[in-house]
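Some notes on the structure that comes next.
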Number of protein chains: 2
Amino acid sequence: MSRQRAAVAAELAREDAFRSAQDIHASLRTGGHRIGLTTVYRALQGLVESAEIDVLRTDDGEATYRACSAGHHHHLVCRRCGVTVEVAGRAVESWAERVAQAHNFVDVEHTVEVFGTCRTCASGD
Amino acid sequence: MSRQRAAVAAELAREDAFRSAQDIHASLRTGGHRIGLTTVYRALQGLVESAEIDVLRTDDGEATYRACSAGHHHHLVCRRCGVTVEVAGRAVESWAERVAQAHNFVDVEHTVEVFGTCRTCASGD
DNA sequence: ATGGGAATGAAAACGGTTGTCGTTTGCGTG
DNA sequence: CACGCAAACGACAACCGTTTTCATTCCCAT
């Protein structure tokens, strides 16, 4: 792994939240790193492909990234501060499977995201 | 509702699938309608706001739209032809609620999409 | 008919993302 | 310690879906 890609991964590891490419780029720059936006995008692409991070599209189409543990899981995301918790959902997995079968769909995948306002953001209102 | 907006709604009603704004625009034009892309976007915005249609972001950030029945529901989407089935998921609703509560998140929403290949597309392989 | 506000759409602006291409870096080899 | 080569880098331009602008057209109550 190149130094730049490591820097991107490290920056993502600093915080359990979904962050945009541009945000990450700005943070790295502010932190003294000399890195181009293009490189950040490339690093993120690579990290996504190697399943080291997860991507999530915001409502306005911007891609956001988060360092994630391996394996299938979902996210509980604070719509205010972006902080996330990884959650498992055996119930959801089997539900999706059942629904797909009932309609003769094969090769099934699913995306599940739960949005809310975290304790901290809610109290600091 | 203006004539153009009605045309967009009608075009969406023709097919139970998520379709992009540009796709809808092209179909309308091909069908003899004289309508601008801007107007299609505006009509879609309006229909989304009045909850007459659902929006879904594709993996590459493009917005797609579908005529939908009112009320909370999810979709089973064919990744090949885009056809969708509306599905309910009481199990998912309560699961999301439980997960959020467990982590002290409030004001909870969730998105669930199930992707697969529909019978027709799978057999016509 | 007529005045005015809403709707329309061509074209330009926008913003995130990706492609281009010349330069730099890292590293194994002679 | 050069040398050379391939991969990585990054400034910049191109892309593309979407939104804004603004001049024109349409609709309708008066």
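All chains are named by letter (A, B, ...) in the order of the sequence lines, taking the proteins before the strands, and each is independently numbered beginning at 1. Worth saying up front: this structure is predicted, and the values here are computed from it rather than measured.
Here the straight-line distance linking atom CG of A:L44 with atom CG of A:L12 works out to 6.0 Å at 0.5 Å rounding.
In this structure, B:R119 has no side-chain hydrogen bond (donor to acceptor under 3.5 Å, both in side chains) partners at least two apart in sequence or on a different chain. For A:S2, the side-chain hydrogen bond (donor to acceptor under 3.5 Å, both in side chains) test picks out no residue, with sequence neighbours left out. Remark: A:F18 pairs with A:H75 by the ring-ring contact (aromatic ring centres under 6.0 Å, His included) rule, at least two apart or across chains. Under the side-chain hydrogen bond (donor to acceptor under 3.5 Å, both in side chains) criterion, A:T38 pairs with no residue, sequence neighbours left out. Looking at residues two or more places apart in sequence or on another chain, you find a side chain to side chain contact (heavy atoms under 4.5 Å, CB included) between B:A63 and B:V55, B:R57, B:Y65.
If you check residues 36-44 of chain A against DNA chain D, the residues with a heavy atom closer than 4.0 Å are A:G36, A:T38, A:T39, A:R42, listed by number. Heavy-atom distances under 4.0 Å link DNA chain C to B:R29, B:R34, B:I35 of residues 16-35 of chain B, given in residue order.
For the pair A:T117 (side chain) and A:C121 (backbone), a donor-acceptor distance under 3.5 Å is absent. In terms of modelled atom types and a separation under 3.5 Å, the side chain of A:T84 and the main chain of A:D16 share a donor-acceptor contact.
Contact footprint of chain B on DNA chain C: nucleotides with an atom under 4.0 Å from a non-hydrogen protein atom, first to last in 5' to 3' order, C:dA7 to C:dA11. Mapping heavy-atom proximity under 4.0 Å, the span of DNA chain D touched by chain A runs 5' to 3' from D:dA8 to D:dC12.
Of all heavy-atom pairs spanning A:C81 and A:C118, the tightest one is SG-SG, 3.9 Å.
Side chains of B:S20 and B:Q22: a donor-acceptor N/O pair is absent below 3.5 angstrom, by distance only.
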Enumerate, atom names and distances included, each donor-acceptor pair closer than 3.5 Å involving a side-chain atom of residues 86-107 of chain B, sequence neighbours excluded.
| unit_1 | atom_1 | unit_2 | atom_2 | d |
| --- | --- | --- | --- | --- |
| B:E86 | OE1 | B:S69 | OG | 2.5 |
| B:E86 | OE2 | B:R66 | NH1 | 3.0 |
| B:E86 | OE2 | B:S69 | N | 3.1 |
| B:E93 | OE1 | B:H72 | NE2 | 2.9 |
| B:E93 | OE1 | B:H110 | NE2 | 3.0 |
| B:E93 | OE2 | B:H72 | NE2 | 3.3 |
| B:E93 | OE2 | B:H74 | NE2 | 3.0 |
| B:S94 | OG | B:R90 | O | 3.4 |
| B:S94 | OG | B:A91 | O | 3.1 |

Identify every side-chain donor-acceptor pair in residues 24-34 of chain B under 3.5 Å, counting partners at least two apart or on other chains, and give the distances.
| unit_1 | atom_1 | unit_2 | atom_2 | d |
| --- | --- | --- | --- | --- |
| B:H25 | NE2 | B:I35 | O | 3.0 |
| B:H25 | NE2 | B:L37 | N | 3.4 |
| B:S27 | OG | B:R19 | NH2 | 2.8 |
| B:S27 | OG | B:D23 | O | 3.4 |
| B:R29 | NE | B:I35 | O | 2.8 |
| B:R29 | NH2 | B:I35 | O | 3.1 |
| B:T30 | OG1 | B:A26 | O | 2.8 |

